[in-house]
Trainee: 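Below are the structure tokens for one structure; questions will follow.
Just so it is clear, the values below take in all heavy atoms, side chains as well, and ignore hydrogens, waters and symmetry mates. Since we're looking at a predicted model, the values are computed, not measured. Here is the naming used below: chain letters follow the sequence lines, and residue numbers restart at 1 for every chain.
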2 protein chains.
Amino acid sequence: MISDIDRFDETPKFLQIVKIITTKIDEEVWLPHEMIPTERAFCEELNVSRTTIRRAIEKLSDMFYLYRVQGKGTFVCPKELREFRKTSGMGFREHALKRGQVPSQKILSLEYVPLTAKVRTRLCLGETETRVHKFVRLFYLDAKLDSLNTSYLVLPEGETITVDELEETGSLYSLLRKKYHYIPYITCQESTAMKASEKVASYLELEVGYPVTYIEGVVWTLEHKVMEYVEIYRGDRTIPHQSMNVGGSL
Amino acid sequence: MISDIDRFDETPKFLQIVKIITTKIDEEVWLPHEMIPTERAFCEELNVSRTTIRRAIEKLSDMFYLYRVQGKGTFVCPKELREFRKTSGMGFREHALKRGQVPSQKILSLEYVPLTAKVRTRLCLGETETRVHKFVRLFYLDAKLDSLNTSYLVLPEGETITVDELEETGSLYSLLRKKYHYIPYITCQESTAMKASEKVASYLELEVGYPVTYIEGVVWTLEHKVMEYVEIYRGDRTIPHQSMNVGGSL
DNA sequence: GAGTGGTCTAGACCACACT
DNA sequence: GTGTGGTCTAGACCACTCG
């Protein structure tokens with residue numbers, strides 16, 4: 001009934017269990033609001049301790065695959081929430097691909113510019129740093145204009161990125177990952193609605209005064225280092241901007 | 001050196017430990033990127049098992065208070081991440097207070113309404129539930145109109161909230177916390193820029209067609225229970241809308 | 001009372017980073 | 001080698017739900 005754990009697989013058991021359960025849910029063997037086997041049942045079936053099962057279920061709760069109710073059981077989350085989580089994040093390219101859209105970009109400029117006070121603050125840089133790489137790009141979805149993106153990048157000392165490299169890779173994040181092992185992990189962002197200025201309107205091919213979403217974001221790597229500060233203008237014709245907050249005080 | 005656990009306190013040990021550590025960090029006893037005591041050290045100091053310590057540290061990693069590096073130790077997250085995280089989420093009142101602004105609200109309506117398909121889906125409710133509490137409120141910052149907020153609340157069976165209660169407490173979240181121990185923890189949201197409709201414009205005292213941010217959000221409690229579905233319209237004169245994404249796939 | 005998830009213990013062994 | 005976090009076990013008792 002439940003697939004077995006591969007004892008020769010090096011991946012941790014709890015992650016194997018996560019995989020087993022997500023597969024069952026993604027393939028709709030277990031349906032939303034349906035109760036899944038109890039923790040004790042999993043223990044017997046998979047021959048692992050209850051702690052291990054609980055760890056997997058804990059992870060799956062965070063991932064919005066499952067929710068637990070004390071005294072009752074563990075249940076499958078509604079599909080919408082799972083989908084939501086899977087498409088959250090700021091990776092433009094992956095975001096688009098998940099939705100079955102074709103992303104593309106046009107690089108408008110790439111410069112090595114002096115730091116402004118604002119950018120220095122956002123990138124948490126000290127006084128010793130004086131310049132950063134600035135990218136200006138237009139993003140397209142299914143060949144239709146989507147957004148105007150200005151990125152400020154913190155690269156390792158002496159390193160640089162060329163337009164050719166970026167165009168070859170297609171995605172800035174893939175390139176950074178390949179060259180510097182930068183793995184974008186956390187993004188902090190602020191967004192607000194505004195009227196398109198003359199400049200923004202001309203880039204996005206909108207009328208001046210048309211509503212656009214302005215987003216400022218800072219991207220941190222898995223190692224908690226700042227990687228990018230980005231400013232985005234999006235027309236309202238684009239897909240909604242999704243995000244997920246993990247907050248709340250204790 | 002480290003405060004002790006209160007053995008007569010009913011709150012779980014791991015949450016008491018979370019509290020102890022967040023206090024140390026908030027009071028800057030432990031500074032960003034500084035290494036905190038090892039798990040084994042905590043075990044001895046607090047007289048708890050390593051599993052319990054790990055659980056607390058796990059939680060604190062999710063909260064961006066700590067990050068762990070295998071073979072090295074556990075470290076304090078940069079302040080920027082924590083600050084951002086602390087002001088993230090959808091608590092209007094706390095958000096405003098943190099910025100030194102004075103929040104206030106005008107309750108337009110409070111009804112116990114039949115569930116629509118959309119709201120049922122968002123709130124992860126089954127077919128047995130038929131009604132929810134619907135709040136419509138106007139939010140002000142420093143006495144200036146900020147946003148139009150429509151909340152759908154899932155309260156425990158038979159429970160209800162009155163306008164008087166809410167006006168007395170001043171904050172919906174404080175009230176929910178006090179009455180039902182609801183602690184908002186995760187919010188999923190979609191936002192988009194749009195032109196103000198006639199209705200929205202009249203509420204927000206804007207011209208029709210003025211840019212507004214439309215936000216749809218679902219709020220989950222610390223226990224991963226759905227608590228609220230909310231629709232917000234914000235004028236562009238307001239403070240930016242903040243959020244934080246945690247990405248990375250498994 | 002039986003069954004569920006929630007908390008916790010006291011160990012064990014492993015992978016990784018330092019020196 | 002020593003010390004760190006990462007994984008895992010086999011139990012225990014509690015709080016809650018439901019028949």
Trainee: Closer to the 5' end of DNA chain C via nearest nucleotide, is it A:Thr51 or A:Thr74?
Mentor: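 This one resolves to A:Thr74.
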Trainee: Who passes side-chain contact (heavy atoms from CB on, under 4.5 Å) against B:Cys77, sequence neighbours left out?
Mentor: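 In terms of side-chain contact (heavy atoms from CB on, under 4.5 Å), with neighbours along the sequence ignored, B:Cys77 is linked to A:His224, B:Phe64, B:Tyr67, B:Arg82.
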Trainee: Specify the separation, in whole Å, of atom CE of B:Met35 and atom P of C:dA17.
Mentor: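 That distance rounds to 14 Å.
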Trainee: Let me see the working for B:Thr38 and B:Met35 under side-chain contact (heavy atoms from CB on, under 4.5 Å), right down to the final yes or no.
Mentor: CA-CA 8 Å; B:Thr38 67; B:Met35 185 175 159; 3.9 Å; yes
Trainee: Distance check, rounded to the nearest 0.5 Å: B:Leu31 atom CG versus B:Phe75 atom CZ?
Mentor: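 Those atoms lie 14.0 Å apart.
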Trainee: Does A:Leu115 have any side-chain contact (heavy atoms from CB on, under 4.5 Å) partners at least two apart in sequence or in another chain, and if so, which?
Mentor: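 If we apply the side-chain contact (heavy atoms from CB on, under 4.5 Å) test to A:Leu115, skipping adjacent residues, the hits are A:Val119, A:Arg120, A:Leu125, A:Glu129, A:Val132.
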Trainee: Using a cut-off of less than 4.0 Å, is there contact between a side-chain N or O of A:Lys72 and OP1 or OP2 of C:dG5?
Mentor: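 No, A:Lys72 has no side-chain N/O under 4.0 Å of OP1/OP2 on C:dG5.
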Trainee: What integer distance in Å separates A:Gln70:CD from C:dT4:P?
Mentor: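 My rounded result for the distance is 14 Å.
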Trainee: Could you tell me whether A:Arg40 contacts a base, only the sugar-phosphate backbone, or nothing, with contacts defined as non-hydrogen atoms closer than 4.0 Å?
Mentor: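 It contacts base atoms.
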Trainee: Report the residues that fulfil salt bridge (charged side-chain N to carboxylate O under 4.0 Å, His left out) with B:Glu111, sequence neighbours left out, ordered by chain and then residue number.
Mentor: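 Listed in chain order: nothing, the list is empty.
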Trainee: Return the value, rounded to whole Å, for the distance between atom CD of B:Glu39 and atom C1' of C:dA15.
Mentor: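 Taking atom C1' of C:dA15 as the reference, CD of B:Glu39 is at 14 Å.
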Trainee: Where each residue is assigned the nucleotide of DNA chain C containing its nearest heavy atom, which of B:Pro12 and A:Gly73 is assigned the position nearer the 5′ end?
Mentor: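 Residue closer to the 5' terminus by nearest nucleotide: A:Gly73.
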Trainee: Regarding B:Arg55, tell me which of base, sugar-phosphate or nothing describes its non-hydrogen contacts under 4.0 Å with the strands shown.
Mentor: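 Sugar-phosphate: the residue B:Arg55, judged by heavy atoms under 4.0 Å, touches backbone atoms but no base.
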Trainee: Return the stems involving DNA chain C, sorted by first number, where pairs are Watson-Crick (N1-N3 with N6-O4 or O6-N4) or G-U wobble (N1-O2 and O6-N3), both under 3.5 Å, and runs are 3 or more long.
Mentor: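 Stem list for DNA chain C: C:1-18 with D:1-18.
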Trainee: Please test A:Glu231 against A:Lys118 for salt bridge (Lys or Arg N to Asp or Glu O under 4.0 Å), starting from the C-alpha separation and ending with a verdict.
Mentor: CA-CA 12 Å; A:Glu231 295 175 336; A:Lys118 182 181 183 180; 3.6 Å; yes
Trainee: With a strict under 4.0 Å distance from non-hydrogen atoms of chain A, what nucleotide opens and what nucleotide closes the contacted stretch of DNA chain D, reading 5' to 3'?
Mentor: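 Result: D:dT7 to D:dC18.
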Trainee: Applying salt bridge (charged side-chain N to carboxylate O under 4.0 Å, His left out), name anything that partners A:Glu165, two or more places apart in sequence or on another chain.
Mentor: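 Checked A:Glu165 against salt bridge (charged side-chain N to carboxylate O under 4.0 Å, His left out); matches are A:Lys179.
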Trainee: For B:Tyr112 and B:His133, take the angle between the two ring planes, folded into 0 to 90°, and tell me which bin it lands in: parallel under 30, tilted 30 to 60, perpendicular over 60.
Mentor: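 Aromatic pair B:Tyr112/B:His133 classed tilted.
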